[in-house]
Amino acid sequence: MKTPPTSLDLNEVAFLFDVDGTLLDLAPTPREVWVPASLRDSLACLSTRTAGAVAFVSGRPLKELDLIFTPLQFPGVGGHGAEFRRTGEHAILQLAVELDSDLKRWLPMATEIGPGILVEDKGYSLALHYRLVPDKGPAVETEVRQICAKLPKAMIEILPGKSVIEVKQVGFNKATGVKRLMRHGPFASRRPLFFGDDITDEDVFAIMPEFRGLAFSVGRKVAGASGNFNMPAAVRDWLQQICSS
Ligand SMILES: [Mg+2]
């Protein structure tokens with residue numbers, strides 16, 4: 001597999017990006033990510049040249065993405081499908097209810113395993129990050145699974161990610177969010193190109209054929225992907241090339 005060509009018809013395609021590990025290098029903690037100025041420029045340029053068909057599809061809340069990429073604001077899917085925003089709008093549509101309050105009290109107990117495990121409450125989900133203490137990953141996962149076993153399986157799902165384990169309600173994911181996004185302009189009439197690196201992105205890889213779309217993986221080769229970038233910096237370089245062509 002190789003990287004996609006830089007000669008794209010920007011009147012026909014839409015760009016859908018996972019953020020962490022795809023556009024941005026992973027940082028020791030989620031708040032420490034850094035956006036190179038060149039990436040801001042590329043995204044702004046692509047958005048203009050595609051009439052607004054650039055979206056994020058992230059596990060992060062959209063407000064957090066707004067802060068990270070300020071002053072840029074993109075449409076897209078936040079919180080693994082819990083949030084949605086259309087092109088040109090500031091308002092964020094909430095599509096999910098809060099995670100069970102008992103779970104929110106119980107899950108942070110996994111931090112008792114040792115220092116360096118961070119809790120992030122996203123409202124509709126709760127994430128435990130162990131990037132600072134990678135060897136604690138298996139213990140965190142075991143603890144999370146034990147805590148979740150107290151509730152009926154039909155209600156919640158556990159999302160393993162890169163140095164993170166997240167618990168959310170069932171009923172939405174990145175793919176349900178992308179399906180919604182693709183019903184609206186300017187995406188509806190375009191061919192989506194989706195870029196993602198993690199397990200939760202594979203739901204979106206699976207639905208790309210429904211939209212004549214193509215999926216590209218970052219960092220690892222994934223079945224069903226049309227191409228692969230070896231790291232986020234390679235994605236950023238490719239975007240810069242498209243904008244300068
Ligand atoms: Mg990612």
Side-chain angles (χ1 to χ4, degrees), residues 1 3-4 14-36 39-40 42-43 46 54-69 72 74-85 118 120 122 124-132 134 137 140-141 157-168 172-178 181 192-208 213-239:
M1 288 196 288
T3 54
F15 293 87
L16 278 55
F17 298 109
D18 168 58
V19 174
D20 295 270
T22 296
L23 289 177
L24 303 182
D25 299 327
L26 295 175
T29 70
R31 289 170 189 273
E32 292 174 74
V33 290
W34 180 66
V35 180
L39 175 62
R40 275 198 182 80
S42 299
L43 292 171
L46 278 184
V54 172
F56 290 147
V57 181
S58 176
R60 290 191 192 250
L62 291 172
K63 271 189 184 163
E64 209 173 290
L65 295 176
D66 291 346
L67 281 178
I68 292 171
F69 287 90
L72 304 175
F74 291 102
V77 175
H80 297 287
E83 298 179 348
F84 175 67
R85 178 160 66 200
L118 306 179
E120 185 185 6
K122 300 184 186 177
Y124 33 71
S125 72
L126 194 136
L128 288 147
H129 299 271
Y130 52 87
R131 196 168 180 81
L132 297 171
V140 173
E141 181 160 351
E157 83 186 292
I158 299 170
L159 306 177
K162 287 181 179 163
S163 303
V164 62
I165 184 155
E166 189 160 355
V167 177
K168 74 173 203 34
F172 61 91
N173 59 31
K174 284 186 170 184
T176 60
V178 166
L181 182 74
L193 306 178
F194 175 71
F195 304 77
D197 71 307
D198 218 338
I199 294 165
T200 52
D201 297 315
E202 291 179 20
D203 292 327
V204 183
F205 281 35
I207 61 163
M208 278 300 103
L214 297 173
F216 298 95
S217 62
V218 183
R220 68 193 175 104
K221 295 192 167 112
V222 175
S226 299
N228 171 261
F229 294 87
N230 59 359
M231 60 174 97
V235 181
R236 297 194 294 265
D237 287 347
W238 181 74
L239 296 177

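Counting convention: from 1, in listed order, for ligands and their atoms alike. Computed from heavy atoms alone, side chains included, the values below leave out hydrogens, waters and symmetry copies.
For residue Asp18, an N/O/S atom approaches the Mg ion (ligand 1) to within less than 2.8 Å. Checking Asp197 against the Mg ion (ligand 1), an N/O/S atom falls under the 2.8 Å cut-off.
Between Phe56 and Phe17, the gap from one ring centroid to the other reaches at least 6.0 Å. Between Phe216 and Phe194, the ring centre distance reaches or exceeds 6.0 Å.
Nearest N/O/S atom of Asp20 relative to the Mg ion (ligand 1): this is O.
Taking the charged nitrogens against the carboxylate oxygens, Asp18 and Arg60 have no contact shorter than 4.0 Å, which rules out a salt bridge.
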- Task: List the steps, then state whether salt bridge (Lys or Arg N to Asp or Glu O under 4.0 Å) holds for Asp198 with Arg220.
- Result: CA-CA 9 Å; Asp198 218 338; Arg220 68 193 175 104; 5.1 Å; no
